[in-house]
Undergrad: 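Got a structure for you, written out below as structure tokens; questions coming shortly.
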Amino acid sequence: MRNGKVAARAPVLQFTNCRILRGRRLLREDLWVRGGRILDPERLFFEERLVADEQRDCGGCILAPGFIDVQINGVHLEGPFISREKRGAHPEAHLRSFEANAFHDVLATYGSLDNVRIVTLAPELNRSHEVIQALTARGICVSLGHSVADLRAAEEAVQSGATFITHLFNAMLPFHHRDPGIVGLLTSDQLPPGRHIFYGMISDGTHTNPAALRIAHRAHPQGLVLVTDAVPALGLGNGRHTLGQQEVEVDGLTAYVAGTKTLSGSIAPMDVCVRHFLQATGCSVESALEAASLHPAQLLGLEKRKGTLDFGADADFVVLDDSLHIRATYISGELVWQAEEANQ
């Protein structure tokens, strides 16, 4: 009750002259915010008999739920329980397999699972299924990736609790008509009833060909989650930067392990991925924005509070122009970033 009273005394903000992404549609409505949450204006008017304390004109821009990036290198535990053949930029010396006490190996490797939300592993590793079950029992999302698994092994992993695919098409067996491998999960008929798989895609113009983006989106649009796979070099410009114990070479929007042509994550921010995905697939603006907000929230089980602008949700949102460039970012209803032109 006390928190409710505090929220009731907080100022009411009304964002006007905007289009709100809500219910898979862009609606010409105002957005009302108080105490870090999205308000139902009818209840505000008729039950509390209040009006806005402050109005903010959005200049006809789009208001979309805040982007959620579920794969930034260092937040998301990607490895070391992965395939040597598909290790990508991961140093081979650090790769691990599961021994007799598989989950103990996980705890010994990571030290703690506090605040861990996603773990990527290769499902073909021996005893991986008991690890998947143990992780999911703790509310941790298990993602399949850096793997040479065939479709059957991937399906068994999903039956054990896995719900995500790490950067689809990258660091896995290529699609083959006799055994499509992990990619085949997008249209598998062997998944548990009511369960569908989510999958990440790096839509940076480098990691995934536009045709591959179109194939995946048309096969299973509801499961597509845009990810950046960002490394610390994001935003630092061309040249050499560090990634753990490695050096990466940045050239434009591409990052390589220094001295090689092995891709080492990405340096494209999420808004770039959204725009590229929209152009490559020809999907609707609503679908492109939901792939960076609603879908990752659903993957994480946060769709009641995040990835949506429904009444009662957290007031985390971005303001975008018609070309989907971000003009401002709000967290809990507070402006935390604004484009320089918008300040003039």
Side-chain angles (χ1 to χ4, degrees), residues 21 24 26 62 64-65 67-73 76 78 86 88-89 118 120 143-147 151 154 163-177 180-188 196-231 234 252-256 261-299 307 318 320 322-326:
L21 179 59
R24 294 181 167 82
L26 283 173
I62 295 170
F67 297 155
I68 301 173
D69 192 352
V70 300
Q71 192 175 2
I72 299 175
N73 282 282
H76 175 147
E78 187 180 356
K86 294 296 182 180
I118 302 181
T120 289
S143 187
L144 311 179
H146 286 279
S147 165
L151 177 57
T163 56
F164 194 45
I165 302 172
T166 300
H167 44 50
L168 188 76
F169 296 122
N170 289 277
M172 61 186 62
L173 292 177
F175 179 91
H176 190 280
H177 61 284
I182 290 177
V183 177
L185 287 175
L186 271 62
T187 58
S188 172
H196 72 265
I197 195 77
F198 288 94
Y199 59 98
M201 298 205 77
I202 310 171
S203 176
D204 61 355
T206 300
H207 279 79
T208 313
N209 186 279
L213 285 170
R214 289 191 288 272
I215 289 170
H217 178 252
R218 292 173 188 176
H220 184 28
Q222 295 82 9
L224 195 149
V225 175
L226 291 179
V227 299
T228 66
D229 196 25
V231 296
L234 172 60
L253 286 178
T254 306
Y256 301 102
K261 286 299 180 182
T262 299
L263 290 173
S264 181
S266 173
I267 54 168
M270 185 63 83
D271 62 325
V272 169
C273 293
V274 169
R275 291 193 296 272
H276 180 71
F277 175 68
L278 177 68
Q279 180 182 25
T281 64
C283 69
S284 66
V285 169
E286 294 90 335
S287 294
L289 293 172
E290 286 184 342
S293 56
L294 177 62
H295 295 178
Q298 291 172 330
L299 167 69
V318 288
L320 308 106
D322 286 340
S323 61
L324 299 188
H325 286 82
I326 297 179

Undergrad: CG/Leu289 to CG/Leu278 distance, rounded to the nearest 0.5 angstrom?
TA: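 The CG atom of Leu289 sits 8.0 Å away from the CG atom of Leu278.
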
Undergrad: If every non-hydrogen atom of Met270 is compared with every non-hydrogen atom of Leu226, which pair is closest and at what distance?
TA: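 So the two residues come closest at CE-O, 3.3 Å.
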
Undergrad: Given the rule in the side chain to side chain contact (heavy atoms under 4.5 Å, CB included) test, do Ile267 and Val231 qualify, once you have shown the distances and angles that lead to the verdict?
TA: CA-CA 6 Å; Ile267 54 168; Val231 296; 3.8 Å; yes

Undergrad: Would His196 and Phe198 count as a close aromatic pair, with their ring centres under 6.0 Å?
TA: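 Yes; Phe198 has its ring centre under 6.0 Å from that of His196.
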
Undergrad: Restricting to non-hydrogen atoms, name the atom on Ile165 and the atom on Ser143 that form the minimum distance, rounded to 0.1 Å.
TA: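 Of all heavy-atom pairs spanning Ile165 and Ser143, the closest is C-OG, 3.4 Å.
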
Undergrad: Restricting to non-hydrogen atoms, name the atom on Phe175 and the atom on Pro180 that form the minimum distance, rounded to 0.1 Å.
TA: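 Smallest heavy-atom distance, with atoms named: CE1-CB, 3.3 Å.
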
Undergrad: Can you tell me how far the SG atom of Cys283 sits from the CG atom of Leu224, to the nearest 0.5 Å?
TA: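 Here the interatomic distance stands at 8.5 Å.
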
Undergrad: Among Val274, Val318, Asp271, which residue meets the side-chain contact (heavy atoms from CB on, under 4.5 Å) test with Leu324?
TA: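 It is Val274; the other options fail the test.
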
Undergrad: Output the distance between atom NE2 (His207) and atom CE (Met201), rounded to the nearest 0.5 Å.
TA: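 One gets 11.5 Å once the value is rounded to the nearest 0.5 Å.
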
Undergrad: What distance do Asp229 atom CG and Ile202 atom CD1 have between them, rounded to the nearest 0.5 Å?
TA: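 Taking CG in Asp229 and CD1 in Ile202, the distance rounds to 4.0 Å.
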
Undergrad: What are the two closest non-hydrogen atoms of Ser266 and Thr228, and how far apart are they?
TA: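 Nearest pair, atom of Ser266 first, then Thr228: CB-O, 2.9 Å.
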
Undergrad: Quick check against the 3.5 Å criterion: does His76 have a side-chain atom that pairs as donor or acceptor with the backbone of Val70?
TA: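 Yes, His76 side chain to Val70 backbone: donor-acceptor pair under 3.5 Å.
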
Undergrad: List, one per line, each side-chain donor-acceptor pair under 3.5 Å for residues 210-221, sequence neighbours excluded.
TA:
residue : atom : partner : partner atom : Å
Arg214  : NH1  : Ala280  : O            : 2.8
His220  : NE2  : Ile197  : O            : 2.7

Undergrad: Any idea which heavy atoms bring Ala291 and Pro296 closest together, and the distance?
TA: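 Heavy-atom minimum between the residues: O-CD, 3.5 Å.
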
Undergrad: Dump the intermediate steps for side chain to side chain contact (heavy atoms under 4.5 Å, CB included) on Thr120 and Leu144, then the final yes or no.
TA: CA-CA 6 Å; Thr120 289; Leu144 311 179; over 6 Å; no

Undergrad: Go through the structure and list residues passing side-chain contact (heavy atoms from CB on, under 4.5 Å) with Thr163, not counting sequence neighbours.
TA: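 Only Cys141, Arg195, Leu299 meet the side-chain contact (heavy atoms from CB on, under 4.5 Å) criterion with Thr163.
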
Undergrad: Side chain to side chain contact (heavy atoms under 4.5 Å, CB included) between Thr262 and Tyr256: does it pass, once the steps are laid out?
TA: CA-CA 5 Å; Thr262 299; Tyr256 301 102; 6.0 Å; no

Undergrad: First locate atom OG1 of Thr208, then atom NE2 of His167, and finally report the distance between them rounded to the nearest 0.5 Å.
TA: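 Going from OG1 on Thr208 over to NE2 on His167, the span is 9.5 Å.
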
Undergrad: First locate atom CD of Glu286, then atom CD1 of Ile62, and finally report the distance between them rounded to the nearest 0.5 Å.
TA: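 One gets 8.0 Å once the value is rounded to the nearest 0.5 Å.
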
Undergrad: For the side chain of Ser188 and the backbone of Gly184, is there at least one donor-acceptor N/O pair under 3.5 Å apart?
TA: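 Not at all, since once roles are kept as given, no pair shorter than 3.5 Å links the two residues.
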
Undergrad: Which residues pass the salt bridge (charged side-chain N to carboxylate O under 4.0 Å, His left out) test with Glu290, sequence neighbours left out?
TA: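 Expected list: Arg24.
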
Undergrad: Looking only at non-hydrogen atoms, find the nearest pair between Tyr199 and Phe164 and report the distance.
TA: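 Heavy atoms only, the tightest pair is C-CE1, 3.4 Å.
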
Undergrad: Is it the case that Thr166 and His146 place a side-chain donor and acceptor less than 3.5 Å from each other?
TA: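 No, no side-chain donor-acceptor contact under 3.5 Å.
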
Undergrad: Under the criterion side chain to side chain contact (heavy atoms under 4.5 Å, CB included), I'd like the reasoning laid out for Leu294 against Leu21: C-alpha separation, chi angles, the key distance, then a yes or no.
TA: CA-CA 10 Å; Leu294 177 62; Leu21 179 59; over 6 Å; no

